[in-house]
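Order of the sequence lines fixes the chain letters, A, B, ..., with proteins taken first and strands second; residue numbering starts at 1 for each chain. Basis for what follows: all heavy atoms, side chains included, without hydrogens, waters or symmetry-related copies.
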Amino acid sequence: MAIRIYNTLTRQKEEFKPLREGEVRMYVCGPTVYDYPHLGHARTYIAFDVIRRYLEHRGYTVLMVMNFTDIDDKIIKRANETGEDPKELAEKFLRIFLEDMKALKVKPADVYPRVTEHMEDIINFVKKLQEKGYAYEGSDGVYFEVRKFKDYGKLSKIKLEDLVKGARVEPGEGKRNPEDFALWKKAKPGEPKWKSPWGEGRPGWHIECSTMSSKYLGESFDIHGGGNDLIFPHHENEIAQSEACFGHEWVHYWMHTGFLMLNGEKMSKSLGNFVTVRELLKRYDPEVIRLFVLQRHYRSPLDYSEEGIEHAKNNLERLYNTLENIRVAMERAEIAFRWDEPEFRAYEAIRDARRKFYEAMDDDFNTAEALKAVFEVSNAINRYLTEVEKPKESILRKAWEFFRDVGEVFGLFEDYFKEQRAGNEEELINLLVEVRAQLRKERRFDLADRIREELRKLGIQLEDTPQGTVWKRIKV
RNA sequence: GCCGGGAUAGCCUAGAGGCGAGGCGAGGGACUGCAGAUCCCUUUCACCCGGGUUCAAAUCCCGGUCCCGGCUCCA
């Protein structure tokens, strides 16, 4: 079955067909680095991380590009407030962003083009627009003449008349028309600046994405993504610049993530109602945050609440328990010389859930729906384990492999599957378990419980079952 | 004003014409020296309101109510 993607451009789900066979080229708008990333950023980047992982899982080679806006009005403003050098400030928060994303297990992009590393390319792009008659130089900068681009508004469905009427567009001294936007801003005294044919200055915000995406992905590519708030004006302007310059369709699929909401309001720096990624990571495992995000469809607004995160934590705990149950059961599993009803039932449940998982992900990356399938396997395998004395190795393996695939796509259970059990740690634990078993036989429960308590503090949980005592690692 | 998204059991979320949606929480039971994990049962025939179409509507249509977002820097 084919993957279907909701395209903001057409406002409907479309079958995904990459421009080049087997390859997906995608660009996701990165942050302006002037502050700590908050959960809203995390939401968007985790969403695109899972989209990227899924495409890779389905066999595509994905070329992923994410930009850094490392020079911009906001950065200059913040630097002036704190007395820092704008370059150093940007550098600092760029590093912090990368660290936070790594902590959240977001796979790094293949290229992270920075504006300050691409001045020449940007200037050339503006020149081309000027040559083609879409751009003009004003007293304070170079502007894109919006009314010359006939398709303006096709992404956001905004009509030019309404835009002008809305009067929210700023007239600006150097502009011919209020709706025009800056491609190049001439530097005011004391501002960071680069040389250009129009004097010293810096690029406008939108031109960088047009320039850098086409540099790495070509004059047309598959997916361009970002937060919902970028549809207008940022992405609308990118389309205008790029299609004016190249003379043909630029991006095939536009994808946008819903906002992260806090008490009914969009979480944002300007509103000041944000929770930073670092803050959250101090209290929760990164996978809890990922699961929290994945429990909601990527296009829907996601409400942040402490309870919501706790829900995610409980859910993740359940999945880890299931993994541990399987692992422990593996030790007493046997080769199947025959199947009985429990085997047939477990097998069918896993088979059906796997199909559901892929169907849900194919349908515009419906992670919330896909998660249902994950819980179905969890339930089926736990039930199987209570039904049989000697579990069949093949059944456990089926479940195990399903979880491994889910983990690969969702960025969960990562450590679990790659974990090398260190040295003779296991033997030591087994020894303690044996000693405790003897103590229990002698009904010396105080000592037995002490061993259990102390191991628990070390992240090892002992569980007494009818088949004897097993030990599990506790993750969250 | 112009675009857009919503309202689903105690809670969080899927679904989008017809076979009891998933999880969490709560209560009960099984297993247990206790704990933990797991399983079973209950909460569970839920879809904002009012009309309409249909053999059949959470789902489609019309009309309301309420909530939220974008149109200005934003992921």
Side-chain angles (χ1 to χ4, degrees), chain A residues 8 11 28-32 34-35 37-48 66 69 72-74 77 153 156-159 161-163 165-170 205 225-234 236 256-261 264-271 291-292 294-297 299-303 305 307-315 317-322 324-325 328 356 360 363 366-376 378-379 381-387 440 443-446 448-449 452-453 456 461-466 469-470 472 474:
Chain A
T8 309
R11 305 281 155 107
V28 176
C29 278
T32 301
Y34 73 102
D35 208 341
H38 61 242
L39 191 55
H41 298 105
R43 199 267 167 110
T44 291
Y45 298 122
I46 289 172
F48 281 108
M66 185 191 289
T69 303
D72 170 85
D73 296 4
K74 290 217 147 186
K77 189 175 165 237
S156 59
K157 315 293 176 214
I158 283 173
K159 294 191 194 86
E161 313 89 85
D162 297 337
L163 188 63
K165 229 182 286 167
R168 288 302 240 158
V169 283
E170 284 166 48
W205 175 39
N228 224 324
D229 43 3
L230 296 182
I231 295 175
F232 190 89
H234 187 54
E236 196 66 63
H256 294 94
T257 53
F259 293 132
L260 190 87
M261 311 294 289
E265 279 183 312
K266 173 191 169 193
M267 180 178 286
S268 74
K269 285 173 189 168
S270 18
L271 286 171
L291 194 61
F292 172 68
L294 297 178
Q295 279 174 328
R296 189 95 152 112
H297 185 90
R299 278 188 283 116
S300 306
L302 171 63
D303 288 309
S305 68
E307 300 96 286
I309 301 267
E310 288 293 332
H311 273 290
K313 189 177 161 182
N314 290 341
N315 280 322
E317 222 167 72
R318 181 184 161 84
L319 296 179
Y320 267 104
N321 283 335
T322 303
E324 278 295 275
N325 291 342
V328 167
K356 272 192 192 167
D363 185 15
N366 192 338
T367 53
E369 181 70 13
L371 271 170
K372 286 187 189 179
V374 179
F375 283 103
E376 275 168 26
S378 168
N379 191 273
I381 202 71
N382 279 323
R383 182 173 173 186
Y384 174 67
L385 290 175
T386 61
E387 281 172 342
R440 288 179 70 216
R443 306 196 67 78
R444 294 167 66 186
F445 294 121
D446 52 334
D449 288 351
R452 188 172 64 192
E453 280 313 300
R456 190 170 207 290
Q461 180 154 288
L462 300 193
E463 293 175 8
D464 301 320
T465 73
T469 302
V470 297
K472 298 177 178 176
I474 31 183

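Ring-plane geometry between A/Tyr45 and A/His41 is classed as parallel, the angle between the planes falling under 30 degrees on a 0 to 90 degree scale with a further cut at 60.
B/rC24 and B/rC66 have their P atoms separated by 37 Å, with the value rounded to a whole Å. For B/rC12 and B/rA7, the P atoms lie 12 Å apart once the distance is rounded to whole Å. Between B/rG5 and B/rC11, the two C1' atoms lie 22 Å apart (nearest whole Å). Separating the P atom of B/rU43 from that of B/rG4 is a span of 42 Å, rounded to the nearest Å. Here the separation of B/rG15 from B/rA21, taken at their C1' atoms, is 7 Å to the nearest Å. For the C1' atoms, the distance from B/rA56 to B/rA14 is 23 Å, rounded to whole Å. On the P atoms, B/rA58 is 31 Å away from B/rA26, given to the nearest whole Å. Across B/rG28 and B/rC61, the matching P atoms stand 46 Å from one another, rounded to whole Å.
For B/rA46, the O4'-C1' to base torsion is more than 90° from 0; the nucleotide is therefore anti.
Partners of A/Glu307 by side-chain contact (heavy atoms from CB on, under 4.5 Å), not counting sequence neighbours, listed by chain and number: A/Ser305. Scored by the side chain to side chain donor-acceptor pair (under 3.5 Å) test, A/Glu387 finds A/Arg345, A/Arg383 as partners (sequence neighbours excluded). The salt bridge (Lys or Arg N to Asp or Glu O under 4.0 Å) check on A/Lys157 picks up nothing, with sequence neighbours excluded. Residues passing the side-chain contact (heavy atoms from CB on, under 4.5 Å) test with A/His234 are A/Cys29, A/Trp205, A/His206, A/Cys209, A/Leu230, A/Glu238, sequence neighbours excluded. For A/Ser300, the side-chain contact (heavy atoms from CB on, under 4.5 Å) partners at least two apart in sequence or on another chain are A/Arg296, A/His297. Partners of A/Arg444 according to the salt bridge (Lys or Arg N to Asp or Glu O under 4.0 Å) rule, which considers only residues two or more places apart in sequence or in another chain, are A/Glu442. Not counting sequence neighbours, the partners of A/Lys356 by the salt bridge (Lys or Arg N to Asp or Glu O under 4.0 Å) test are A/Glu376. Shown here are the side chain to side chain donor-acceptor pair (under 3.5 Å) partners of A/Lys472, two or more places apart in sequence or in another chain: A/Asn325, A/Glu463. A search for side chain to side chain donor-acceptor pair (under 3.5 Å) contacts involving A/Asp73 returns A/Lys185, A/Arg202, not counting sequence neighbours.
Using a 4.0 Å heavy-atom cutoff across all strands shown, A/Gly225 reaches no nucleic acid atom at all. A/Phe48 comes within 4.0 angstrom of no nucleic acid atom, judged by non-hydrogen atoms across all strands. Within 4.0 Å (heavy atoms only), A/Ser156 reaches sugar-phosphate atoms of the nucleic acid but no base atom.
Atom NZ of A/Lys74 and atom P of B/rC73 are 9 Å apart (whole Å). Here B/rA75 presents its P atom at 11 Å from CE of A/Met66, a figure rounded to the nearest Å. Across the protein-nucleic acid pair, A/Leu291 atom CG and B/rG22 atom C1' stand 12 Å apart, rounded to whole Å. Atom pair A/Ile381:CD1 and B/rC39:P shows a separation of 11 Å (rounding to whole Å applied). Atom NZ in A/Lys159 sits about 6 Å away from atom P in B/rC3, given to the nearest Å. Rounded to a whole Å, the CG atom of A/Leu230 is 14 Å from the P atom of B/rU72. Counting to the nearest Å, the C1' atom of B/rG4 and the NZ atom of A/Lys157 are 11 Å from each other. Here the C1' atom of nucleotide B/rC71 and the CZ atom of A/Phe232 are 7 Å apart, to the nearest Å.
The closest donor-acceptor contact from the side chain of A/Glu236 to the backbone of A/Gly153 lies under 3.5 Å. Judged by distance alone, with hydrogens and angles left aside, the side-chain atoms of A/Thr257 form no donor-acceptor pair with the main-chain N or O of A/Thr44 at under 3.5 Å. A donor-acceptor contact shorter than 3.5 Å is absent between the side chain of A/Arg443 and the backbone of A/Arg440.
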N/O to N/O distances under 3.5 Å, protein versus nucleotides 29-36 of chain B:
residue: B/rG33; atom: N7; partner: A/Arg440; partner atom: NH2; Å: 3.3
residue: B/rG33; atom: O6; partner: A/Arg440; partner atom: NE; Å: 3.1
residue: B/rG33; atom: N1; partner: A/Asp449; partner atom: OD1; Å: 3.1
residue: B/rG33; atom: N2; partner: A/Asp449; partner atom: OD2; Å: 2.8
residue: B/rC34; atom: O2; partner: A/Arg452; partner atom: NH2; Å: 2.5
residue: B/rC34; atom: N3; partner: A/Arg452; partner atom: NH1; Å: 2.8
residue: B/rC34; atom: N3; partner: A/Arg452; partner atom: NH2; Å: 3.4
residue: B/rC34; atom: N4; partner: A/Asp464; partner atom: OD2; Å: 2.8
residue: B/rA35; atom: N6; partner: A/Asp464; partner atom: O; Å: 3.2
residue: B/rA35; atom: N1; partner: A/Asp464; partner atom: N; Å: 3.2
residue: B/rA35; atom: N3; partner: A/Arg452; partner atom: NH1; Å: 3.0
residue: B/rG36; atom: O2'; partner: A/Gln461; partner atom: NE2; Å: 2.4
residue: B/rG36; atom: O2'; partner: A/Glu463; partner atom: OE2; Å: 3.4
residue: B/rG36; atom: N2; partner: A/Glu463; partner atom: OE1; Å: 3.4

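Remark: A/Asn228 is not in phosphate contact with B/rG5, judged by side-chain N or O atoms under 4.0 Å from OP1 or OP2. Dashed line: the shortest gap from a side-chain N or O of A/Asn379 to OP1 or OP2 of B/rC39 is under 4.0 Å. Close to B/rA37, at under 4.0 Å from its OP1 or OP2, lies no side-chain N or O of A/Asn325.
Taking only side-chain atoms of A/Pro233, from C-beta outward, the nucleotide of B/rU38, B/rA75, B/rC73 with the closest atom is B/rC73.
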Per-nucleotide protein contact string for nucleotides 6-15 of chain B, where B marks a base within reach and S marks sugar-phosphate only (heavy atoms under 4.0 Å, - for neither):
-----BSSBS

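Applying the side-chain hydrogen bond (donor to acceptor under 3.5 Å, both in side chains) test between A/His256 and each of A/Thr8, A/Asn228, A/Asp229 identifies A/Thr8 as the sole match.
For A/His41 and A/Leu371, each mapped to the nucleotide of RNA chain B holding its nearest heavy atom, the one lying further toward the 5' end belongs to A/Leu371. Along RNA chain B, the nucleotide nearest A/Phe375 and the nucleotide nearest A/Leu385 are compared for position; the residue whose nucleotide lies closer to the 5' end is A/Phe375.
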Using Watson-Crick and G-U wobble pairs whose two distances are both under 3.5 Å, how do you write the pairing of RNA chain B as dot-bracket, with | for links to another strand?
(((((((..((((....[..))))((((((.......))))))....(((((..]....))))))))))))....

